[in-house]
Amino acid sequence: MSNQEMSRLEWAMTQYGEALIRLAYTYVKDVHIAEDIIQDVFLKAYELHDQYRGDASFKTYLYRMTINRCKDHLRSWSFRNLFFTNVTHELCVEIGAEDTIIRFEEDYEFGIQILALPVKYREVLVLHYYQDYSITEIADLLKNSENTIYTRLRRAKAQLKEHVLRMEGDSIG
């Protein structure tokens, strides 16, 4: 790898590292696993630098690698085993100080609802509203049609709206 390619990778790590960790977190729901996945992605980008054809931007290339790596992780036996083993433990963990919970309760609840959506809905919401990708870019990134992305966004928003209305009904009754 030339010095120019190495500095390009270092720049990408600085520029996109945090956003990629957030993206990976939306899939795996564990910050440490998300960090490991991003480390793997950058290592793979380093190892396969000569295979990058430039068909898409380097950012898109890294996002695609991240999504693929996350999906691989979710399909793995070790993840499924770990997930079911730790469900009870995670339900019992305290979230933090009371004043922090009160201050961020609505954002936290909304974030929980987004993370509770199926991956196919969660990923389009995060990519569109939090990562500012266009429908066309998301379709290209996820290798789906634009209509599929529109449909997934619509369904994801409908599910979130349904939950909000249910929550409001519960608080009134």
Side-chain angles (χ1 to χ4, degrees), residues 1-97 100-101 104 107-133 137-144 149 152-153 156 160:
M1 182 177 253
S2 71
N3 285 341
Q4 182 182 15
E5 291 165 334
M6 184 61 106
S7 62
R8 178 179 171 187
L9 185 60
E10 288 174 7
W11 175 84
M13 291 169 74
T14 303
Q15 189 71 20
Y16 306 125
E18 246 183 77
L20 290 171
I21 290 171
R22 285 192 303 270
L23 175 64
Y25 180 81
T26 65
Y27 283 88
V28 299
K29 300 179 188 178
D30 182 304
V31 71
H32 301 296
I33 293 171
E35 290 170 344
D36 289 345
I37 286 172
I38 299 312
Q39 185 176 8
D40 289 348
V41 166
F42 282 118
L43 182 61
K44 191 64 83 175
Y46 174 78
E47 291 171 351
L48 302 176
H49 73 279
D50 56 335
Q51 293 180 11
Y52 173 65
R53 298 183 312 242
D55 295 341
S57 71
F58 196 63
K59 177 182 176 183
T60 302
Y61 178 68
L62 292 173
Y63 271 66
R64 180 77 241 154
M65 287 176 68
T66 300
I67 290 168
N68 288 338
R69 181 64 186 89
C70 288
K71 288 181 178 180
D72 290 345
H73 175 77
L74 293 174
R75 283 190 295 265
S76 73
W77 176 87
S78 61
F79 166 75
R80 289 192 306 265
N81 187 36
L82 178 67
F83 177 77
F84 291 116
T85 304
N86 290 329
V87 166
T88 307
H89 173 71
E90 288 181 16
L91 291 174
C92 298
V93 173
E94 287 189 41
I95 297 165
T100 303
I101 294 171
F104 295 109
D107 289 341
Y108 176 77
E109 180 63 31
F110 192 68
I112 293 296
Q113 292 311 310
I114 289 173
L115 291 174
L117 292 172
V119 171
K120 66 183 181 180
Y121 298 144
R122 191 168 62 225
E123 68 188 353
V124 294
L125 278 175
V126 169
L127 290 170
H128 187 65
Y129 291 108
Y130 294 97
Q131 300 294 332
D132 294 324
Y133 273 89
E137 291 171 324
I138 296 170
D140 187 47
L141 194 60
L142 298 178
K143 309 260 190 263
N144 290 113
I149 302 305
R152 287 181 181 176
L153 271 174
L160 288 173

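Considering CD1 of I67 and CD1 of I138, their distance stands at 9.0 Å, rounded to 0.5 Å. Between the CD atom in Q39 and the CG atom in L20 there is a gap of 13.5 Å [rounded to 0.5 Å]. Here CG of L142 is found 4.5 Å from CD of E123. Values are rounded to the nearest 0.5 Å. To the nearest 0.5 angstrom, H73 atom NE2 is 7.5 Å from D30 atom CG. Separation of atoms CG (D40) and CD1 (I33) is listed at 11.5 Å; rounding is to 0.5 Å. If you take CD on E10 and CZ on F42, they are separated by 11.0 Å, rounding to the nearest 0.5 Å.
The heavy-atom pair separating L23 from Y63 by the smallest distance is CD2-CD2, 3.4 Å. Listed here is the closest heavy atom pair of L62 and A45: CD2-CB, 4.0 Å.
A 4.5 Å side-chain heavy-atom check between T26 and L125 finds every atom pair outside the cut-off. Side-chain contact between N68 and V41: absent, with no pair of heavy atoms (C-beta onward) separated by less than 4.5 Å. The shortest side-chain heavy-atom distance between D72 and R69 falls under the 4.5 Å cut-off.
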Run I38 and E35 through side chain to side chain contact (heavy atoms under 4.5 Å, CB included) and show every step you take. CA-CA 5 Å; I38 299 312; E35 290 170 344; 5.9 Å; no
Is there a side chain to side chain contact (heavy atoms under 4.5 Å, CB included) between L160 and L117? Walk through the geometry before answering. CA-CA 8 Å; L160 288 173; L117 292 172; 4.2 Å; yes
Show your reasoning for whether side chain to side chain contact (heavy atoms under 4.5 Å, CB included) applies to I37 and Y27. CA-CA 11 Å; I37 286 172; Y27 283 88; over 6 Å; no
What do the steps show when you test N144 against K120 for side chain to side chain contact (heavy atoms under 4.5 Å, CB included), and what is the final call? CA-CA 11 Å; N144 290 113; K120 66 183 181 180; over 6 Å; no
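Summarising the local packing, CD of Q15 is surrounded by more than 12 heavy atoms from other residues, nucleotides or ligands at distances under 6.0 Å.
Taking R122 as the reference, nothing meets the side-chain hydrogen bond (donor to acceptor under 3.5 Å, both in side chains) condition, with sequence neighbours excluded.
Salt bridge status for K59 with E137: absent, with no side-chain N to carboxylate O gap under 4.0 Å.
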